[in-house]
Amino acid sequence: MKTYLMPALKLTLILIVILAGMYPLAIAGIGTFTKGNGNGETVQFKGRTVGYANIGQKFTKDEYFWSRPSAVDYKADASGGSNKAPANPDYIKDVEARIQNFLKHNPNITRAQIPAELVTASGSGLDPDLSPDGAKIQAARIANRRGLIEKDVLLLIDKNTEQPLWGMFGPAKVNVLKLNVALDELK
Amino acid sequence: MNTELSGVIFTYLLTLGISIPLGLYMARVFKGEKNWLDFMAPLERLIFRFSGIDAKREMNWKQHLYALLTINSIWLIYAFVCLLFQAHLPLNPDGNPNQSPDLAFNTAISFLVNCNLQDYSGESGATYFTQHFVFMFLHFASAATGIASLIVLFKALKDKVTDKLGNFWDYFVKSITRILLPFSFIIAIMLAFNGMPTSYSGKDTVIGMQGDTVHVSRGPVAAMVAIKHLGTNGGGWFGANSAHPLENPNYLTNTIELVAQLIIPIGLVFTLGFYLNKKKFAYVIFGVMTLGMLLLMIPTINAELNGNPILTKMGISQPTGAMEGKEVRFGPLNTAYWSVMTTITSTGSVNSMHDSAMPVSGFMMMMGMMINCFYGGCGVGFLNFYIFIIIAVFISGLMVGRTPEFFGRKIEAREMKIASLIALLHPFIILVGTALSSYILVNYANANWVVKPSAWLGNPGYHGFSEMLYQYASAAANNGSGFAGLTANNIFWNVSTGFVMILGRFLPIIGPLAIAGILARKKFVPESAGTLKSDSVTFGIMIFAVIAIIAALSFFPALALGPIAEHFSIK
């Protein structure tokens, strides 16, 4: 063992300098040229930073598009999911309560129209997106609350829909924060 | 074709498209042939000179293991001490506290052994210093340890009769300078330009559209996420791992992370073919692994696409599939693909919460970790597979009544004993661990511990049992993913999984290297008409059967109590 001890110690030392010191510093340097300068991309509204583009936010008011339910109440310093099993009785109760709440606020919608994403918690608790369907189902409520024509709200959703990667891969989605900013900017 | 399915097929084809040339490249690196990263040579010379290492000195298998174990012991002590005192070390902008001794014990082992089980949450349980100087350093070091061990095995298979198996430090350092570091660098840049933070500024506070104050954890994430996948580590920056939108911002980063966690395990299978000049043998192994992957993958995708049957009964629509614990930007199909790939390799990073997956998916994920060699971890995946090869050769030999031989060496009692011990170790530590925790849970549910055993489980019934089984399977397979409903940050779980992880790492490295070293010294027997052809489909089927029998027989009873029972109870 003794023949290996000193080389191992010194090797550890120099590799720590290279791998934990120099490598991430180089990436941090390059990162300053990215959108958000390596600090994460933010969203502005009326000259004020209202959030991070990629971090989902809590929206509960009727005049905004709601985000997905979050097991951590959208705490962006304590991410996580519900970790509830599919048949857990408490979980089923939670989902039923969310369905009831959604139906109460969206009286024109039937149960069968509610997409699962609106009554299930995301993995991170910070999901920034909805599927286009998940947004469109809320259009009538928002049009009603804001005195808009539903067609205009649907148009706004289409305009804010991000298509699959290169038009071919993965799901289409709508960023809820950006959509709500666009909604406020309508007026 | 729908875009979710085409996305997954594209991801897999891209993975293969990179793995094959990468396999050839890695063979050239370890054969010492010219390659396009030769400009790294001065850096390697500097590292060796500084460390006082003669990288040309040949070692036998025991010397390789001495070197490996010595340096791993140093890292263990280093990691443990750093975590214990992280609050007082630099780079702690969020002011996070020290880890408790049992948590530091668990975490240090976890990252040392390429497992990355995380009983803490990244946002509050680690500092920027420990994330980089402990976790990310060990991401590189543990992956390179795995690759270097595998190259020792390749070398032992290559030469006819030899005791000289190359130099451990040489393999180890080149794994970093020629493979892990340059590729991580490229990956990290791609991730950074897709919205992953890179700067050292701490938490930010913003006021949202509805007036809520939000504290946003950030950090130099991109550098770590690159090697976290490339090295099949899986230990993430944030608590939600790659489900977190700053650790996996969009479908492209998701694809990059998926490809990165597979190219080295798959590439190394092809490296074997190029290194030994036995390409057909590599194809057979790749075929067996891929067949195994598909058998786990297809039912998982099917289960997730069908959605949660209970929610269906409640009358809501699940147009894309089950969404609990999943993210919209990836979708259930891709998430199912990820959850299988991350459990058959030793990565264990997650882009969804596995605890909320359908019971069939949970079964497949656990199976992936219990088998632990369909592609497998960086280097160690094939070391595990090698054990099954030895057993398959031996059984085939018995079946036809000849002395079993593999690559011109007779496999005899001593090698077979080692192989059997290693093959049985894996089920042993998983099942004994689960049995122990179940026993305590039943008999000492209200013991006066910091976390009472009755509060361990996040879900009742069969699924609660699955949470414990999953935790030990993940620890033993050095995977690191979890059914995170389990309250694992307490002395019992920190200590017991700590020991399981260390046994599940080093014995499966020592065993195969011992076998390879012993075989390499044996008299070379040239192939004859009676030799079992190792590059035939028949042999592939034989290996598959051995894997299926060992895994199915040893784990089926436990799985029946967990995911299987759960599946039939909610159908």
Side-chain angles (χ1 to χ4, degrees), chain A residues 1 4-5 7-12 14 16 19-20 23-24 27-28 30-31 34 38-41 49-52 54-55 57-58 61 76-81 83-88 92 111-112 114-117 120 122-124 126-131 164-165 168-171 173 180, chain B residues 3 6-7 10 47 50-53 66-67 70-71 74 123 132-133 136-137 140 188-189 192-193 195 197-199 206 208-209 214-218 220 222-223 238-240 243-245 249 251-252 308 315-318 323-329 331 352-353 355 458-459 463 484-485 570:
Chain A
M1 284 280 178
Y4 303 100
L5 191 61
L9 270 172
K10 287 182 188 161
L11 184 58
T12 302
I14 189 166
I16 286 175
L19 300 173
Y23 158 65
I27 299 295
I30 295 167
T34 64
N39 291 312
E41 189 194 340
T49 299
V50 289
Y52 279 74
N54 287 321
I55 299 282
Q57 224 172 78
K58 187 157 76 173
K61 289 184 182 162
D77 56 355
S79 60
N83 291 307
K84 292 277 192 273
N88 185 328
I92 302 302
R111 222 168 224 271
I114 305 176
E117 73 201 58
T120 52
S122 61
S124 61
L126 303 172
D127 195 339
D129 302 306
L130 286 177
S131 68
L165 178 63
M168 289 181 285
F169 308 126
K173 63 190 170 94
N180 280 329
Chain B
T3 53
S6 58
F10 166 73
I47 294 173
F50 177 84
S51 317
I53 287 168
Y66 288 147
T70 306
I71 198 162
I74 293 171
E123 291 97 328
H132 274 175
F133 284 81
M136 192 170 73
F137 165 67
F140 281 103
I189 291 172
F193 277 94
T198 53
S199 86
V206 289
M209 296 274 288
V214 187
H215 305 286
V216 182
S217 289
R218 301 179 296 178
F238 298 104
H244 194 290
Y251 200 80
L252 181 60
N308 182 346
I316 60 160
S317 93
Q318 301 183 74
M323 282 306 289
E324 182 68 33
K326 297 194 180 64
E327 302 277 303
V328 168
R329 62 192 180 284
S352 69
M353 293 302 120
D355 214 347
N459 288 285
H463 195 89
I570 69 170

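A donor-acceptor distance shorter than 3.5 angstrom exists from the side chain of A/Y23 to the backbone of B/A223, with no hydrogens or angles considered. Side-chain atoms of A/N54 never come within 3.5 Å of backbone atoms of B/H244 as a donor-acceptor pair (strictly under, hydrogens ignored). A distance-only check finds no donor-acceptor pair linking the side chain of A/E117 to the backbone of B/V328 [under 3.5 Å].
B/I316 touches chain A through backbone and side chain together, each having a heavy atom under 4.5 Å away. Both the backbone and the side chain of A/L9 come within contact range of chain B, each with at least one heavy atom under 4.5 Å from a heavy atom of that chain. Heavy atoms of B/P249 lying under 4.5 Å from chain A belong to its backbone as well as its side chain. Heavy-atom distances place both the backbone and the side chain of A/P171 under 4.5 Å from chain B. With a 4.5 Å cut-off on non-hydrogen atoms, A/L126 touches chain B through its backbone and its side chain both. Neither the backbone nor the side chain of A/E41 comes within contact range of chain B; no heavy atoms are under 4.5 Å apart. Of the two parts of B/H463, only the side chain, counted from C-beta on, holds a non-hydrogen atom closer than 4.5 Å to a non-hydrogen atom of chain A. For B/L252, the parts lying under 4.5 angstrom from a heavy atom of chain A are both the backbone and the side chain. Both the backbone and the side chain of A/A87 come within less than 4.5 Å of a heavy atom in chain B.
By number of non-hydrogen pairs under 4.5 angstrom with chain A, the leading residue of B/V206, B/V214, B/V216, B/I47 is B/V216. Of the listed residues (B/P245, B/A240, B/G315), the one with the most heavy-atom contacts under 4.5 Å to chain A is B/P245. For the options B/K326, B/E123, B/R218, B/E327, heavy-atom pairs under 4.5 Å to chain A are most numerous at B/E327. Across A/A78, A/G51, A/G31, A/S122, the residue that shares the most heavy-atom pairs under 4.5 angstrom with chain B is A/S122. Among A/A116, A/G40, A/P86, the residue making the largest number of heavy-atom pairs under 4.5 Å with chain B is A/P86. No other option in B/G208, B/G331, B/S352 has as many heavy-atom pairs under 4.5 Å with chain A as B/G208. Chain A forms the most heavy-atom pairs under 4.5 Å with one residue out of B/M209, B/H132, B/Q318, and that residue is B/M209. Put simply, of A/A28, A/G170, A/P24, the one with the most heavy-atom pairs under 4.5 Å next to chain B is A/G170. Highest contact tally toward chain A, considering only B/S217, B/S51, B/G7, is held by B/S51 [criterion: heavy-atom pairs under 4.5 Å]. Note: A/A20 leads A/P115, A/A20, A/S131 in heavy-atom pairs under 4.5 Å with chain B. Among the candidates A/T49, A/L165, A/I16, A/I55, the residue making the largest number of heavy-atom pairs closer than 4.5 Å to chain B is A/I16. Put simply, of A/G81, A/P7, A/G80, the one with the most heavy-atom pairs under 4.5 Å next to chain B is A/P7.
In this structure, the separation between CG on A/D127 and CE on B/M323 is 6.5 Å, given to the nearest 0.5 Å. If you take CD1 on A/I92 and CG on B/N308, they are separated by 6.0 Å, rounding to the nearest 0.5 Å. Taking CZ from A/F169 and CZ from B/F10, the interatomic distance works out to 4.5 Å, rounded to the nearest 0.5 Å.
Summarising the geometry of A/G123 relative to B/A243, their closest heavy-atom pair is C-CB, 4.2 Å, with the distance given to 0.1 Å. Considering every non-hydrogen atom in both A/N83 and B/D355, the closest pair reads O-OD2, 3.4 Å. Residues A/A8 and B/T70 come closest through the heavy atom pair CB-CG2, 4.3 Å.
Taking 4.5 Å as the limit, some side-chain heavy atom of B/F137 sits within range of a side-chain heavy atom of A/T12. At a threshold of 4.5 Å between non-hydrogen side-chain atoms, the residues B/I189 and A/I27 count as touching.
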